[in-house]
Amino acid sequence: MENEVKILQTAKGEKEALLWKELEPIHLSEEYNLHTNTVLVNSQKEYQSFRGFGGSFTEAAAYIWANTTKENQKEIVRAYFNKESGLGYNLGRTTIHCCDFALEPYTYIEEGDETLETFSIDRDKKWIIPFLKAAMKEAGAPLELLCSPWSPPPFMKTNHDVNQGGRLKEKYYKLWAAYMVRYIREMRAQGIEISMVSVQNEPEAVQTWASCIFDATQEARFAVDYLYQELKAEGLHEKVKIIIWDHNRDGIYRRVKESFSYPGAKEVIWGVGYHWYVSDKSENLSMVHAEFPDKHLLFTEGCVELVNYSGKTSSDAGIGAWRHGETYGRNIINDMNNYNEAQLDWNLLLDEKGGPNYVGNFCEAPIHVDTKTNEIKYNLSYYYIGHFSRYIRRGAKRLQNFNDVEEKVYATALKNPDGTIVVVVQSELDEPHKIALVVDGKGANIELPAHSITTFRITEDTTG
């Protein structure tokens, strides 16, 4: 009995690229050429379960979606959330009032309101919530949603400004926690259940946009003594999981080790979020897993920055560059191999400049809409994400895999709940490269085109 392998490939071409090209199926057998580089998969050794893929419903994304044509709106939600023809997203992220990808800084209360009497999410009802509901309808099921704050209101902060960092004043810890939980409650009233909340987006970054600083102990203390208590008071502590860090993976181990030393933190904090900016060192995730194996690691934000040039993911190559797709593929593969359980992209949608962004921090999204022509542009990141999200199902188990190519070839493997094995191999080499794909001792020889990503779907062929 042989194993049938279906193949989907995206490859850079001199004249025209291949995008999601279905190749002729092959079969794995005991007869294959051993004298070549090998991607080796052992399906008997399993690791973390994978939760899924998604993107962020920022005000910028929702505003672009709301202001394009009805036909475009339908196409965009299908492209992301349809399980058959789209990326099959089942996750999402929202912001607790403004982030930099908003039209302007805003909060849900009048400045100085210490009673939350003026609290209202009416602004979100205008653009964000309709986008969310359309996505949920297309997905055919509720999305698993993470919400994150960028900054408390100005009066609660030491610098009296949503922007430019600052810290949450001690006397407002309880009020800010109540504010965050109020947001979760108001979203539930709209039929949108939030299942995860992070304490603070990028708590070590002082930005020209909405930002706020928490050190490791402050973040843990806020989570344990305030946020969890407010969730408990509302009966939400078993429904909404608390996530810390939500920042770059370079310092993730040292940061969370300090946070988890706070009394009660290990009991209350469910997981650790991280971003890909600044550092490519995915092995740092395994350091966290080794010491805190019961904590969940989730990729909560990443994109290619176009103008900020603040880290290794930044680019001056312009929207749609091939290497931007490779950035996605490489990060997804390496993070999966180091215990990542979920992949949440940044903005779902942006305009022709990579905005709107109220400080001009333009970035690339998988899909852009030209606001002058209403033309939809699918970037390479969209296709690279699809090599994973279209075939890796919620509950898939990552499998042991090895790859002896010296450099610029990356591979990961997972087994879906139905037993299908999915292997994704990305080549960033400038020339075609021959490998053997070997799964549980059976193999086949294939050639990877230059600058390509290939998804192999392996099922038992009962006719073989």
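Keep in mind the model is a prediction, meaning the values are calculated, not measured.
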(request) Check the pair Leu143, Phe81 against side-chain contact (heavy atoms from CB on, under 4.5 Å), reporting the backbone distance first and the verdict last. (result) CA-CA 10 Å; Leu143 303 175; Phe81 298 97; 3.9 Å; yes

(request) Before accepting this row, confirm whether a basic side-chain N of the pair Asp335/Arg249 lies closer than 4.0 Å to the acidic partner's carboxylate O. (result)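 Yes.
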
(message) Looking at Asp316 and Arg323, is there a salt bridge between them, counting it only when a charged N and a carboxylate O are closer than 4.0 Å?
(response)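 Counted as a salt bridge, because a side-chain N and a carboxylate O are separated by less than 4.0 Å.
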
For [X], salt bridge (Lys or Arg N to Asp or Glu O under 4.0 Å) partners two or more places apart:
X	answer
Asp418	none
Glu22	Arg457
Arg330	Glu428
Glu193	Arg188

(request) Sorted by first residue and then second, give each salt bridge (Lys or Arg N to Asp or Glu O under 4.0 Å) pair with at least one member in residues 352-368; sequence neighbours left out. (result)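 Qualifying pairs: Glu352-Lys372.
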
(request) Could you name each residue pair satisfying salt bridge (Lys or Arg N to Asp or Glu O under 4.0 Å) that touches residues 73-93, not counting sequence neighbours? (result)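 Salt bridge (Lys or Arg N to Asp or Glu O under 4.0 Å) check on residues 73-93 returns Arg93-Asp246, Arg93-Glu301.
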
Could you tell me if [Y] and [X] have a donor-acceptor pair between their side chains, going purely by distance under 3.5 Å?
X	Y	answer
Thr68	Asn374	yes
Asp100	Asn361	yes
Asn248	Ser279	no
His387	Thr455	yes

Checking [X] side chain against [Y] main chain: does a donor-acceptor pair fall under 3.5 Å?
X	Y	value
Thr10	Trp20	yes
Ser211	Trp209	yes
Asn357	Cys99	no
Ser452	Ala11	no
Asn416	Tyr391	yes
Gln48	Glu341	no

(request) Test Ser29 against Lys442 for side chain to side chain donor-acceptor pair (under 3.5 Å), laying out the working first. (result) CA-CA 5 Å; Ser29 70; Lys442 294 183 178 181; over 6 Å; no

Taking all heavy atoms of [X] and all of [Y], pick out the closest pair and write down the distance.
X	Y	answer
Cys98	Pro105	SG-CA, 3.7 Å
His27	Ala444	O-CB, 3.6 Å
Pro356	Leu103	CG-CD2, 3.6 Å
Ala436	Tyr32	CB-CD1, 4.1 Å
Ala79	Tyr382	O-OH, 2.7 Å
Ile96	Cys147	CD1-SG, 3.9 Å

(request) For a side chain to side chain contact (heavy atoms under 4.5 Å, CB included) with Pro366, tell me which candidate from Asp345, Leu348, Asn347 qualifies. (result)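 The single option meeting the side chain to side chain contact (heavy atoms under 4.5 Å, CB included) with Pro366 is Asp345.
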
(message) Can you tell me which residue among Val240, Leu227, Val197 is in a side chain to side chain contact (heavy atoms under 4.5 Å, CB included) with Val181?
(response)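 Checked Val240, Leu227, Val197 against Val181; only one passes side chain to side chain contact (heavy atoms under 4.5 Å, CB included): Leu227.
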
Would you please indicate yes or no on a ring centroid separation below 6.0 angstrom for [Y] and [X]?
X	Y	value
Tyr89	Phe53	no
Trp276	Tyr328	yes
His296	Trp270	yes

Between atom [atom1] of [X] and atom [atom2] of [Y], what is the distance when rounded to the nearest 0.5 Å?
X	Y	atom1	atom2	answer
Glu186	Ile129	CD	CD1	9.0 Å
Ser259	Ile252	OG	CD1	10.5 Å
Glu447	Thr454	CD	OG1	10.5 Å
Ile435	Asp404	CD1	CG	9.5 Å
Leu231	Ile184	CG	CD1	5.5 Å
Tyr384	Asn379	OH	CG	13.0 Å

(message) Is there a side chain to side chain donor-acceptor pair (under 3.5 Å) between Asn338 and Glu283? Walk through the geometry before answering.
(response) CA-CA 6 Å; Asn338 286 278; Glu283 295 89 340; 5.4 Å; no

(request) Going by the ring-ring contact (aromatic ring centres under 6.0 Å, His included) test, name the single residue among Tyr47, Tyr253, Tyr339, Tyr274 that passes it with His289. (result)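 Exactly one pass, corresponding to Tyr339.
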
(request) Run through Tyr358, Phe131, Trp127, Phe57 and flag the one making a ring-ring contact (aromatic ring centres under 6.0 Å, His included) with Tyr63. (result)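 When ring-ring contact (aromatic ring centres under 6.0 Å, His included) is applied between Tyr63 and each of Tyr358, Phe131, Trp127, Phe57, only Trp127 qualifies.
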
(message) Working note: Asn401 + Asn42, criterion side-chain contact (heavy atoms from CB on, under 4.5 Å); need CA distance, chi angles, decisive distance, verdict.
(response) CA-CA 6 Å; Asn401 73 94; Asn42 173 17; over 6 Å; no

(request) Verify the neighbour count for atom NZ of Lys6: are there more than 12 heavy atoms of other residues, nucleotides or ligands below 6.0 Å? (result)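 Not more than 12 within 6.0 Å, no.
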
(request) For Lys434, look at atom NZ and say whether over 12 heavy atoms of other residues, nucleotides or ligands are found less than 6.0 Å away. (result)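 Not more than 12 within 6.0 Å, no.
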
(request) Give me the one residue out of Lys12, His451, Gln426 that meets side-chain hydrogen bond (donor to acceptor under 3.5 Å, both in side chains) with Glu326. (result)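 It is His451, the one option of Lys12, His451, Gln426 that forms the side-chain hydrogen bond (donor to acceptor under 3.5 Å, both in side chains) with Glu326.
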
(message) Can you confirm if the NZ or CZ of Arg398 lies within 45° of the ring axis of Phe50 and under 6.0 Å from the centre of its six-membered ring?
(response)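 No, a cation-pi geometry is absent between Arg398 and Phe50.
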
(request) Please report the C-alpha distance between Val272 and Ile243 in whole Å, then the side-chain angles of each, then the deciding distance to 0.1 Å, and finally whether the side-chain contact (heavy atoms from CB on, under 4.5 Å) criterion is met. (result) CA-CA 5 Å; Val272 180; Ile243 289 173; 5.6 Å; no

(message) If you apply the rule side-chain contact (heavy atoms from CB on, under 4.5 Å), what do you find for Val424 with Tyr410, and how did you get there?
(response) CA-CA 8 Å; Val424 185; Tyr410 310 89; over 6 Å; no

(message) Show, in sequence, the C-alpha distance, side-chain angles and deciding distance for Glu291 and Lys257, and conclude whether the salt bridge (Lys or Arg N to Asp or Glu O under 4.0 Å) test is met.
(response) CA-CA 8 Å; Glu291 187 146 354; Lys257 184 173 175 63; 2.5 Å; yes

(request) Could you walk me through whether His433 and Asn37 pass the side chain to side chain donor-acceptor pair (under 3.5 Å) test, one step at a time? (result) CA-CA 9 Å; His433 190 78; Asn37 287 132; 2.8 Å; yes

